[in-house]
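Encoded as structure tokens, the structure appears first; notes follow it.
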2 protein chains.
Amino acid sequence: MKSGDVYDPTCSARDALELIASKWAMLILPALREEPMRNSALLRKIGGISQKMLTQTLRELERNGLVIRSDKQTRPPHVEYTLSPLGASLGDALSVLDRWAERHFTALDEARERFDNERV
Amino acid sequence: MKSGDVYDPTCSARDALELIASKWAMLILPALREEPMRNSALLRKIGGISQKMLTQTLRELERNGLVIRSDKQTRPPHVEYTLSPLGASLGDALSVLDRWAERHFTALDEARERFDNERV
DNA sequence: TCAATCACGCACTTTCAGGTAACCACGAAC
DNA sequence: GTTCGTGGTTACCTGAAAGTGCGTGATTGA
């Protein structure tokens, strides 16, 4: 357990990196940054996610102290997900990546086409 | 093909996100940001990566125009990997995440322990 | 009265990330 | 003449990740 080196596979900073290097975490955290949301709202917001993966990822994020789950004990159920301060700081960094992807995906597409055409 | 929305699963911005949401890309790109490196140097720098995954990830990054592979045609082989300008801009954003992981992994560890103890 | 909402849990299946190991070409050094 | 270093490729295999689909139980809207 050294002093935080992601390049060291035995350091648990690596575990942290693998947690945040998940495509769903990269969408959920920035989504919650805008506003706290319920399960169904996240399901609608994040296209292509399954109920299972949403629950699973939220549980992991909650477990690591990034997301706060608040269950008003009502019928029908009403559960809201919020970012913790720690989660908010990570959400900021992740939303930068989201915006990078939105800005540059065409460049990636073009590069891929060029590469694949050369290597016929 | 809409105007760049990572929340839309049919938009290729999502593909871009999945490419950069790889734990190996998250280590390789920041590593190359410091200085151009050879295959063996990356292998040493990035603990726990196998030759196969290194090659595979480098190929994908090259394919998407993020990494430039320059092969001096010598014997024994000498190949160097550099970041393209696009790759450098992504590497900056990713190294922010690396540093986030290195700073906060202890907080995550603690949160996990707390969570797991409650739910006995 | 029928369907849908909400927030899941569970079982089953499929996909794929990733590991291991063997192989390659070439030149230099021993 | 055979062993090493370099930068890979290829085939094979497995375990974990992720998707599919169904159940739940009270409640509200059409």
Side-chain angles (χ1 to χ4, degrees), chain A residues 6-7 9-10 14-28 31-32 35-64 67-82 115-116 118-120, chain B residues 9-10 14-15 17-29 31-32 35-64 67-82 115 118-119:
Chain A
V6 284
Y7 292 112
T10 68
R14 179 67 73 85
D15 299 339
L17 195 67
E18 289 183 32
L19 174 71
I20 66 190
S22 130
K23 72 174 168 186
W24 298 129
M26 284 210 172
L27 293 169
I28 292 176
L32 290 178
E35 52 176 344
M37 275 184 168
R38 308 177 59 174
N39 177 53
S40 52
L42 284 166
L43 219 46
R44 276 188 298 269
K45 168 111 183 164
I46 301 173
I49 196 171
S50 66
Q51 173 63 64
K52 186 196 162 194
M53 286 317 297
L54 179 58
T55 308
Q56 207 171 96
T57 311
L58 282 173
R59 240 6 42 89
E60 263 311 283
L61 295 175
E62 186 197 359
R63 183 165 173 254
N64 285 272
V67 157
I68 296 162
R69 179 192 134 101
S70 39
D71 185 345
K72 344 276 186 194
Q73 298 280 353
T74 59
R75 292 264 150 214
H78 183 103
V79 180
E80 214 172 51
Y81 295 97
T82 323
F115 187 91
D116 293 348
E118 283 172 17
R119 304 258 161 177
V120 177
Chain B
T10 67
R14 180 66 74 86
D15 298 339
L17 196 66
E18 290 183 31
L19 174 71
I20 66 190
S22 132
K23 72 174 166 185
W24 297 128
M26 284 211 172
L27 293 169
I28 292 176
L29 290 176
L32 290 178
E35 53 175 342
M37 275 184 168
R38 306 177 60 173
N39 179 49
S40 51
L42 284 166
L43 222 44
R44 277 189 299 269
K45 168 112 182 164
I46 301 173
I49 196 171
S50 66
Q51 172 64 60
K52 185 195 164 193
M53 287 314 298
L54 178 58
T55 309
Q56 207 172 94
T57 311
L58 281 172
R59 249 350 58 82
E60 263 313 282
L61 295 175
E62 186 196 1
R63 183 166 173 253
N64 285 271
V67 157
I68 297 162
R69 181 191 132 102
S70 40
D71 186 347
K72 344 278 186 193
Q73 299 281 351
T74 58
R75 289 279 150 201
H78 183 105
V79 180
E80 214 172 52
Y81 296 97
T82 324
F115 187 91
E118 284 172 18
R119 305 256 162 179

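All chains are named by letter (A, B, ...) in the order of the sequence lines, taking the proteins before the strands, and each is independently numbered beginning at 1. This one's a predicted model, so the numbers in the text were calculated from it and none came from an experiment.
- Read 5' to 3', the first and last nucleotides of DNA chain C with an atom closer than 4.0 Å to a heavy atom of chain B are dG18(C) to dG27(C).
- For Met37(B) and dG7(D), the CE to C1' distance is 16 Å, given to the nearest whole Å.
- In this structure, CD1 of Ile49(A) is placed 10 Å from P of dA18(D), rounded to the nearest angstrom.
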> Once each nucleotide of nucleotides 24-30 of chain D is scored for protein heavy atoms under 4.0 Å, what B/S/- sequence comes out, 5' to 3'?
Replying inline: -BSS---
>> Run the side chain to side chain contact (heavy atoms under 4.5 Å, CB included) test on Leu32(B) and Leu61(B) for me, step by step, so that the C-alpha distance in whole Å, both residues' side-chain angles and the decisive distance to 0.1 Å come before the verdict.
In response: CA-CA 12 Å; Leu32(B) 290 178; Leu61(B) 295 175; over 6 Å; no
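- At the phosphate of dT6(D), neither OP1 nor OP2 sits under 4.0 Å from any side-chain N or O atom of Arg38(B).
- Heavy-atom nearest nucleotides on DNA chain D were determined for Ser40(B) and for Lys52(B), and the one closer to the 5' end corresponds to Ser40(B).
- With rounding to whole Å, Trp24(A) atom CH2 is found 10 Å from dA18(D) atom C1'.
- Base engagement by Gln51(A) is indicated by at least one non-hydrogen atom pair under 4.0 Å involving a base atom.
- The shortest distance between side-chain heavy atoms of Gln56(B) and Arg59(B) does not fall below 4.5 Å.
- Rounded to whole Å, the distance from CD on Glu60(A) to P on dA16(D) is 15 Å.
- Atom pair Tyr81(B):OH and dT6(D):P shows a separation of 14 Å (rounding to whole Å applied).
- In this structure, Leu19(A) places its CG atom 12 Å from P of dA17(D), rounding to the nearest Å.
- No side-chain donor-acceptor contact under 3.5 Å links Tyr81(A) to the backbone of Ile28(A).
- Asn39(A) has its side chain out of reach of Val79(A): every pair of non-hydrogen atoms, C-beta onward, lies at least 4.5 Å apart.
- Inter-residue side-chain proximity for Leu43(B) and Ile49(B) is flagged as met; some heavy-atom pair is nearer than 4.5 Å.
- Residue-level contact check: Lys23(B) touches the backbone only, with heavy atoms under 4.0 Å from sugar-phosphate atoms and none from bases.
- Considering only the side chain of Arg59(B), dG8(D) comes nearest among dG8(D), dA18(D), dC12(D).
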> Between Glu60(A) and Leu19(A), is a side chain to side chain contact (heavy atoms under 4.5 Å, CB included) present by the stated rule, with each step listed?
Replying inline: CA-CA 8 Å; Glu60(A) 263 311 283; Leu19(A) 174 71; 4.2 Å; yes
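- Evaluation of the salt bridge (Lys or Arg N to Asp or Glu O under 4.0 Å) rule for Glu80(A) yields no partner, not counting sequence neighbours.
- Between Met26(B) and Leu17(A), the shortest heavy-atom distance links the atoms SD-CD1, 4.0 Å.
- For the pair Val67(B) and Leu29(B), the minimum side-chain heavy-atom distance is below 4.5 Å.
- Residue-level contact check: Arg44(B) touches neither bases nor backbone, having no heavy atom under 4.0 Å from any strand.
- Look at CG on Leu54(A): it is 14 Å from C1' on dG19(D), rounded to the nearest Å.
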